[in-house]
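Structure, as structure tokens:
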Amino acid sequence: MKFFLIAGEASGDLHASHLMASLKLEDPKAEFRFLGGDLMAEQAGIPPIIHYRDMAYMGFMDVVKHLGKILGFLGTARRAIDEWQPAAVILVDYPSFNLKVAKYAHNLGIPVHYFISPKVWVWKEWRVKDIRRYVNHMYCILPFEPDWYQERDYKATYVGNPTVQEIAQASKDFPDFAHFIAENGLPDRPLIAIVPGSRVREIRDNLPLMLEAAARHPEFQAVIAGAPSIDDKLYREVMGTNAIPVLRDKTYPLVHHARAALVTSGTATLETALLNTPQVACYRFNGSKWSYNFYRRLLSGKYVTLPNLITDEPVIPELLMHLCTVDSIDQHLTALLDDTPERTAMLEGYQHLANRLGTDVCTATAARLIVSSQA
């Protein structure tokens, strides 16, 4: 069976690669063409048609500035689908781009499967209309999503959460703390993990504040989790004269061994929670109070970060836009570094989160449903 997949960022590349592995178990003759990253390339045995690092634009102005490129990428995706005629198109999150591709594939009569629902319950709810029209099957990774879709006359399926599966697998190979710091040339001091995102804008906006807050705790060693698509040059530029270690391909063990983490809002907040490390979620963006009030009016839920959305409780602090300052980050960070009531409450919230997510093997379930629907 021939599958055409699209993942537009690093987390999508990871989740899609595991889905591809599960599809191959369901159908040993499965073939793939895709827009994505290096992990998907390993599964497919061929390079991506377009690499996700060339597609990583965020924010209205960034999209407008690069609109010509984005339209070119859409044209490339459509031509690839025309030429290859896959049995199914599988889309992974990345809704602004992927819903346009969904419409195109649907109009060609190609079944469209969506793995990892766009966060339409927080932002741009009107996209549900396009999902109803153009997406044959929606596979959700958050347990409250099927009910939300059901209320809007669309049937979606919860298949488990891929991050649960990925962290459970990765944690089997974590070295102990002594080995971890030794193999990475780190001093024997407790760690603060800095996870500033996988996009240039996120890193520029959030990393300086995170580093300044962490520097107020010299008894700890701050370590940056390097994103696979970001060159070291950017980290050096943002750090200036600060010599903070940047570790590549070691985000999970770094966060696991950290006393606490400063995390840019996104999938990493869920990963950090499942690794059982207390955290502060940061999302500076442009730091404007006007922007904060504008976006807050557009958001339909109480929370933005995944741990809070899944539990419907304020498990972790959300420092958004103008509320994200060095002082506010440090206030919450300080409360988590010792054995405090705040730290205990957060860890209890993490247990509630894990119970809500369950232990389903997410990609195996999704792959089985995709292949069986094509029979």
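Values reported hereafter were calculated over all heavy atoms of this structure, with side chains retained and with hydrogens, waters and symmetry mates removed.
Smallest separation of non-hydrogen atoms from Glu342 and Ala335: CB-O, 3.9 Å. A pairwise comparison of heavy atoms in Val135 and Tyr154 identifies O-OH, 2.9 Å as the closest pair. Here the closest non-hydrogen pair linking Val371 and Phe3 is CG2-CZ, 4.3 Å. Across Leu333 and Ala213, no two heavy atoms sit closer than the pair CD2-O, 4.3 Å. Of all heavy-atom pairs spanning Ser11 and Thr267, the tightest one is OG-OG1, 4.0 Å. Scanning both residues, Ala273 and Leu353, for their nearest heavy atoms gives CB-CD2, 3.5 Å.
Note that the OH atom of Tyr134 and the OH atom of Tyr104 stand 14.0 Å from one another [nearest 0.5 Å]. Within the model, atoms CD1 of Ile116 and OH of Tyr94 stand 14.5 Å from one another, a figure rounded to the nearest 0.5 Å. The line from CG of Asp93 to OH of Tyr114 is 6.0 Å long, rounded to the nearest 0.5 Å. For the atom pair Lys2 NZ and Gln85 CD, the distance stands at 7.5 Å (nearest 0.5 Å). Rounding to the nearest 0.5 Å gives a distance of 10.0 Å between CD of Glu83 and CZ of Phe4. Remark: Asp13 CG to Leu5 CG distance equals 10.5 Å, nearest 0.5 Å.
A donor-acceptor pair under 3.5 Å is formed between the side chain of Asn136 and the backbone N or O of Val112. In this structure, Arg33 contributes its side chain and Pro86 its backbone to no donor-acceptor pair below 3.5 Å. Ser328 contributes a side-chain N or O that, together with a main-chain N or O of Leu323, makes up a donor-acceptor pair within less than 3.5 Å. Not a single donor-acceptor pair under 3.5 Å links the side chain of Asp27 to the backbone N or O of Leu23. Within the 3.5 Å criterion, the main-chain N or O of Pro196 finds a donor-acceptor partner in the side chain of Thr264. With Tyr283 contributing its side chain and Glu202 its backbone, the two residues share no donor-acceptor pair below 3.5 Å. Panel note: side chain Gln374, backbone Ala87; a donor-acceptor pair is recorded below 3.5 Å. Within the 3.5 Å criterion, the main-chain N or O of Arg189 finds no donor-acceptor partner in the side chain of Gln221. Asn161 contributes a side-chain N or O that, together with a main-chain N or O of Ile141, makes up a donor-acceptor pair within less than 3.5 Å. Listed for the Ser171 side chain is a donor-acceptor partner under 3.5 Å among the backbone atoms of Ala168.
Taking 4.5 Å as the limit, some side-chain heavy atom of Ile230 sits within range of a side-chain heavy atom of Val200. Residues Arg132 and Lys129 have side chains in contact (heavy-atom distance under 4.5 Å, counting atoms from C-beta outward). By the 4.5 Å heavy-atom criterion applied to side chains, Tyr303 and Thr311 are not counted as neighbours. Contact of the Leu142 side chain with the Trp148 side chain is not registered, since no non-hydrogen atoms from C-beta on lie closer than 4.5 Å. When side chains are defined from C-beta on, Leu357 counts as touching Pro143, because their heavy atoms get closer than 4.5 Å. You'll find the side chain of Ile203 stays beyond 4.5 Å of the side chain of Glu237, heavy atoms only. Residues Cys282 and Leu209 are not in side-chain contact: their nearest non-hydrogen atoms beyond the backbone lie 4.5 Å or more apart. Side-chain contact check for Ile316 versus Thr269: some heavy-atom pair is nearer than 4.5 Å.
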Report all side-chain donor-acceptor pairs from residues 34-44 shorter than 3.5 Å, counting only partners two or more places apart or in another chain.
from: Asp38; atom 1: OD1; to: His51; atom 2: NE2; distance (Å): 3.1
from: Gln43; atom 1: OE1; to: Lys24; atom 2: NZ; distance (Å): 3.0

Counting only pairs under 3.5 Å, give me each side-chain donor-acceptor contact of residues 251-262, with atom names and distances, residues two or more places apart or in other chains.
from: Tyr252; atom 1: OH; to: Glu271; atom 2: OE2; distance (Å): 3.1
from: His257; atom 1: NE2; to: Pro175; atom 2: O; distance (Å): 2.7
from: Arg259; atom 1: NE; to: Leu337; atom 2: O; distance (Å): 2.7
from: Arg259; atom 1: NH2; to: Leu337; atom 2: O; distance (Å): 3.3
from: Arg259; atom 1: NH2; to: Asp339; atom 2: OD1; distance (Å): 2.8

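Under the 3.5 Å distance criterion, with hydrogens and angles disregarded, no donor-acceptor pair is assigned to the side chains of Arg53 and Ser198. In this structure, a donor-acceptor pair under 3.5 Å is present between the side chains of Asp176 and His179. There is a side-chain donor-acceptor pair under 3.5 Å between His18 and Glu166.
Note on Ile50: it clusters hydrophobically with Val92, by side-chain heavy-atom contacts below 4.5 Å among ILVMFWY residues. Note on Ile167 and Leu247: separate hydrophobic clusters, where clusters join Ile, Leu, Val, Met, Phe, Trp and Tyr whose side-chain heavy atoms are under 4.5 Å apart, directly or indirectly. A continuous path of hydrophobic side-chain contacts links Met210 to Phe220 [ILVMFWY only; heavy atoms under 4.5 Å]. Linking Ile, Leu, Val, Met, Phe, Trp and Tyr residues whenever their side-chain heavy atoms come within less than 4.5 Å places Leu347 and Leu336 in a single cluster. Criterion: ILVMFWY side-chain heavy atoms under 4.5 Å apart, direct or through other members. Under it, Leu274 and Leu191 are not part of a common hydrophobic cluster.
A salt bridge links Asp327 with Arg216: at least one charged nitrogen is closer than 4.0 Å to a carboxylate oxygen. Under 4.0 Å is where a charged nitrogen must lie from a carboxylate oxygen, and between Lys100 and Asp130 no such pair does.
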Before giving the answer on side chain to side chain contact (heavy atoms under 4.5 Å, CB included), spell out for Trp84 and Glu31 the whole-Å C-alpha distance, their side-chain angles and the decisive distance to 0.1 Å. CA-CA 11 Å; Trp84 203 49; Glu31 299 178 71; 3.9 Å; yes

As a quick check of understanding, evaluate side chain to side chain contact (heavy atoms under 4.5 Å, CB included) for Thr365 and Thr157, giving each step before the final call. CA-CA 10 Å; Thr365 302; Thr157 304; over 6 Å; no

Would you check, one step at a time, whether the test side chain to side chain contact (heavy atoms under 4.5 Å, CB included) holds for Trp121 with Arg152? CA-CA 11 Å; Trp121 29 266; Arg152 289 151 184 84; over 6 Å; no

Test side chain to side chain contact (heavy atoms under 4.5 Å, CB included) on Asp312 and Phe144; report intermediate values, then the result. CA-CA 10 Å; Asp312 197 28; Phe144 60 82; over 6 Å; no

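More than 12 heavy atoms of other residues, nucleotides or ligands lie within 6.0 Å of NZ in Lys250, so this atom counts as buried by the packing criterion. Within a 6.0 Å radius of CG in Asp249, no more than 12 heavy atoms belonging to other residues, nucleotides or ligands are found.
In this pair, His137 and Tyr139 present their aromatic rings parallel. The plane angle is below 30°, not in the 30 to 60° band.
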